[in-house]
Every structure is written in C-alpha cells, then in structure tokens.
Amino acid sequence: MTSHLRYCVRLGIIVLGICSIAGGIYLFRHWIEMFTRMRGKEMALSPTSRSFEGWKISPLPLYFDVYIFNWTNPEDFYVGSGKKPHFQQLGPYRFREKPDKVNIAWHNQNASVSFRKKSVFYFDADGSKGSLTDVVTQVNSVAHSAARRAADSWLGRVSVNMAIRMYDQRITITRSADEWLFKGFEHPFISLGKIIRPDDVPYTRIGFQYPRNGSSEFDGDINMFTGADDISKMGQIYTWNNLTHTGAFPGVCGQVRGSMGEFFPPNLSTNDSVYMYMPKMCRAVPLDYTETVTVHGITAYKYSGTEHAVDNGTLYTDTSCYCVGGKCRPIGVIDIGPCSFNASVFMSFPHFYKGDPSYVEAVEGLKPEKEKHEFFMTLEPNAGVPMDVGGGFQANYYMEPVKGIDIYDKVPSVMLPMMWCEERVRVTEEIAADIALVPLIVLLGQIVTGILLAGGLICTCWYPTRQVTQFCHSDPKAKANALRPLTTFGVNPAAATLPVSQLFRHNTNAGGNERVGVRLLDYRRDSGLQEQQDSSSGSENSPRERLINETSPDVIVR
C-alpha cells in the first residue's frame, strides 16, 4: 500500500469517526422525539387505526364495585344527643361493565373526535358481598335540599313544612340497594318539583347511578384530540357538552382538560402530573407521581390522588378557586354543588382518605386506608398507556340545620358519607407484551446511540493513539532525535538546587579546557542514597564517594 493510499485510509477513518460522534449526539438528543413521531403516525386514533377497536370497546374485563353506607342510628341525630352518626359499609356490589362509544363524529379540521359513552352493567352475584335486596338507610337529601331552597322566604318555609308533614318525610329514607343504585325510586318532592320548577328537576327518579345503565346521556358529549397532528395531545379532552370551560368554577379550575382514562401524554417523567376529567364533578382531577412499579415485568410510573386532588386552597394556591360561595372547606372534600343543581353534595376519596381528620372524627364506622382507598393510575411512561387502574370517589352529603323547617331545625352540621365506587382494570400479559415493545424500541435507540458514540471515539482517536504507542516503543536514539527540539529551552545551572550542584566540580586545566569532576555515589536498592558513616565520610577519596582527580581522564566540555 502506497503512502498516499495509507493517508487516504487514515483520513477516511477519522472522518467516519467524526460523523459517528455527530450522529450519536443527534440521536441522543432527538431519538425519543423521532420515535414518538413515528409511533404517532401509526397509533393516532382514526377509523382504520390499530387503536380504534380497543378504544371503542374495551378488550379488558371491567368491574364496577359499589359500596353503600347504611345509617344505623338516625334517631340519635339531633343536637345534644351525645352520639355520632354510625355507618355500616355494605358491599361491594359488583357489576360487570360493557362500555361502548356511540355517536362518533370525526373532525379533521382540528384532529379531534366527538362521542358519547354508553355502558351496560350486569350484576355479578358471585363477585359481590351482599344482595341487591339488602335494605339500606340513607339521608333524605331531596327533602333537605328543598328545605335549604325554601329557607329564604316565609312562604317557602311554610310550604315545605306542610309538604314534609303531608308526605311523612323524615331525615332518612330506607330502600333496597338496587333502588339506591341503578334502578332508582320515586320521591314525592321530585314529582312536585317537576310541576313547580321543571328546569331544576332533570330526573323523575332518585338513585346514585340512575339513569346511567344503558344510557349515552350520563357523561354528556365529549370531544377529544385524536393525536393525528400531535401524538402528545392524543386522548386529551377539548370540549365537554361543547364547552371548553364549565363555568362551575372560576379560572383554571373550570377548564375542560385532562384525559378520560384511555390515553395519556407519552414520554412522562417523575416530575409530571396527569389529569383525569370527571364529567360529574365538572373538573379535572390531578394525579401526582408517587412511585415506580413493575406490571407484568414492565416498568411503570404510578400516579396517585394526593392532597393536591382534594385541596381547597389550604396547601396549594392553585386549588383555592374550588371554594364555592367564599366557603373553603377543610382539605379532603370537593364541593360539586355548582355541577349538581346546587345540591349540598361533596366528593372525597373513600372514607375521607387524605382528608382532614375532622371528617372521620365526626362519624363512626369509617377507617381510611391507603391499600383500600387510594385512587391511582399506573402508566407505561414512554407510551402513556394505562397498565393498572384502581380506586374511586365517595359521594357525601353535608347536613346542616335549616331554621324554620321543623325536622331540620335542631340537626348538627356533619358531612355524611353516602356511597363510593371504584373501577379496577389491569392489562393482561398478552397486552402487556405489546406495550413492552415501546420501551424496548426506546432502549434499542439508546444502545445504537451508545455504539455510534463509542465507535466514533475509537475511529477518531485510533491513528493518534497508534502513533503515540509506536513512539513509546521506538529506538531510544529516535526518541532523542524527536525530543531534541525541547533542549532549546535549556537549563539554568545557577538555578540548580544545592544538592544537585554538589554533584559537579569544575576545574580548568592548563590547556584551557574545563574538567568536570563527577562525584560517584553508592546506592543501595533497598534504602536509596547512603552517606558514609565513619570518620572518613568527609574525605573525597572515600571508597563510597570519590572525585575524579587531576590524574583521571579528562571529561571535556566544549
């Protein structure tokens, strides 16, 4: 190989190394973004996309568990009784949920889709603890709401008192679990309200989940982004009932945002929070990162409902806009009155988990526990796909005295629990295997990035390293010739330290030549330079230290 060809090969290797380093740096900074764009083209929601069928009808078995609080001592509910309201938790009453998306309309102008949710619930007797025929006593929220509305006028108070006596209304109502849940039951005040103020009474029956079963109207009309233009927006709510702001709460608290639970933003970090939009609460609930877990061997981030989700400005300034009418309740409950016809209804985590201790202390029968009552969403961080979902919310009614209404004139002010429900969903191992491809491809991109950087460094540094190595192993004369230019810097003998200068003696002979006497020193390998220990150690002719004298061959310095 000629020298010219060798030079071209060396140059080519160095150029290849520089290009590899540049490519590695680019991939290191942009690989996640590149992969997200590529995945977005395939996963964006559309009638023909892979994700459409799983989004329209969930392939996973969904279980809807409902717990009802049975009020066991309503007769002791008055000021001065000395007894707290006692509640017995009944359930779970388990239902198998068959969800579907209906009335689907695609909007290409802003890459969104409108739809309604329709779910059918089937009672699962084997998975339940209790029967739908169980008798349950609950607070008579309809009568109390009517009393609160009429309390401002004398005529209203008289009318409500007459209606309460006429229809034999009490503080509580006793019905079957089935009636309290999906079936519902008639209430005389509802019938009167439909006649007097029909716009304020949207239902004909009362029930915690009435008329949700088989209805497409329960959650309203939802419009969300498909991710066709930006995969990071996929699944994020744009409007609810054609509103971008509900008006239930001021400012950012009333904004329509977050996810309905199917899709979340990709490339999540431990510093992020995700939002779940709750139509019946007219707000988005924040879920904060709490821990990293493993689901079917896949690393996932767990986002949980913390104090942030149920605060009213006590701990977080951004939640102060959830105070209604200037009243900021202690942390733990969310006033959804503006979203439920101004009823005195509050939402919380089950058993007032994460709430102020005063709520639990005011009643008996509740015991908040993280393992049972935490609301969480476990997501694969690269794809933003839910892996494990659990928990729910509890509905509470705030009972307070109403002056001028006989049965409510002497009741205490207490937050009374009514019921709570949760949905549990966990992906199967087969679905988890498909989800695992996303972090695998991300990892492969990182490996390729490392290979490019390492290969580039090797190629770039190969020839200089080879030259240095050859020089270190070359002939001493060649190294001396290579280092000869360094001698031009010189050494100043006058600046030599005393021990070094003592190694030399200068004499000038008759011929004008300078003779250099060199002191020969005896070294021992184990202890270094040794000094003469006897009395003759000061003599220059000692056997251990002797000076070349005048009769020794001259060392000429020219």
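Sequence positions, counted from 1, serve as the residue numbers for this chain. Computation of the quantities below employed the complete heavy-atom set of this structure, encompassing side-chain atoms and omitting hydrogens, waters and symmetry-equivalent molecules. Here the structure is a predicted model, which is why all the values come from computation and not from measurement.
A donor-acceptor pair under 3.5 Å is absent between the side-chain atoms of Ser216 and the main chain of Lys118, judged by distance alone. For His351 (side chain) and Tyr353 (main-chain N/O), no donor-acceptor pair under 3.5 Å exists by modelled atom type.
A search for disulfide (SG to SG under 2.5 Å) contacts involving Cys421 returns nothing, not counting sequence neighbours.
Here Tyr210 and Trp180 keep their ring centres 6.0 angstrom or further from each other. Aromatic ring centres of Phe349 and His373 lie farther apart than the 6.0 Å criterion allows.
Remark: Arg283 is positioned above the aromatic ring of Tyr322, its terminal NZ or CZ atom under 6.0 angstrom from the ring centre and at most 45 degrees off the axis.
His86 and Thr72 share a side-chain donor-acceptor pair at under 3.5 Å. A side-chain donor from one of Ser176 and Glu179 sits under 3.5 Å from a side-chain acceptor of the other. Donor-acceptor pairing under 3.5 Å is lacking for the side chains of Asn271 and Ser269.
Counting non-hydrogen atoms of other residues, nucleotides and ligands closer than 6.0 Å to NZ of Lys233 gives a total above 12. Within a 6.0 Å radius of NZ in Lys183, other residues, nucleotides and ligands contribute 12 heavy atoms or fewer. More than 12 heavy-atom neighbours from other residues, nucleotides or ligands sit within 6.0 angstrom of OH on Tyr316.
Screening Tyr122, Tyr93, Phe121, Phe123 against Phe182 for a ring-ring contact (aromatic ring centres under 6.0 Å, His included) leaves a single residue, Phe121.
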* For Asp219 and Arg116, what are the C-alpha separation, side-chain angles and deciding distance, and is it a salt bridge (charged side-chain N to carboxylate O under 4.0 Å, His left out)? -> CA-CA 7 Å; Asp219 286 326; Arg116 289 180 179 268; over 6 Å; no
Checklist entry - Step by step, would you call Lys372 with Glu369 a salt bridge (charged side-chain N to carboxylate O under 4.0 Å, His left out)? => result CA-CA 6 Å; Lys372 297 179 181 179; Glu369 300 179 43; 3.7 Å; yes
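By the 4.0 Å N-to-carboxylate-O rule, Glu400 lies close enough to Arg148 to be salt-bridged with it.
Using cut-offs of 30° and 60° on the angle between ring planes, the pair His187 and Phe189 is perpendicular. Using cut-offs of 30° and 60° on the angle between ring planes, the pair Tyr67 and Trp420 is parallel.
Distance CD1/Ile206 to CZ/Phe185: 4.5 Å, rounded to 0.5 Å.
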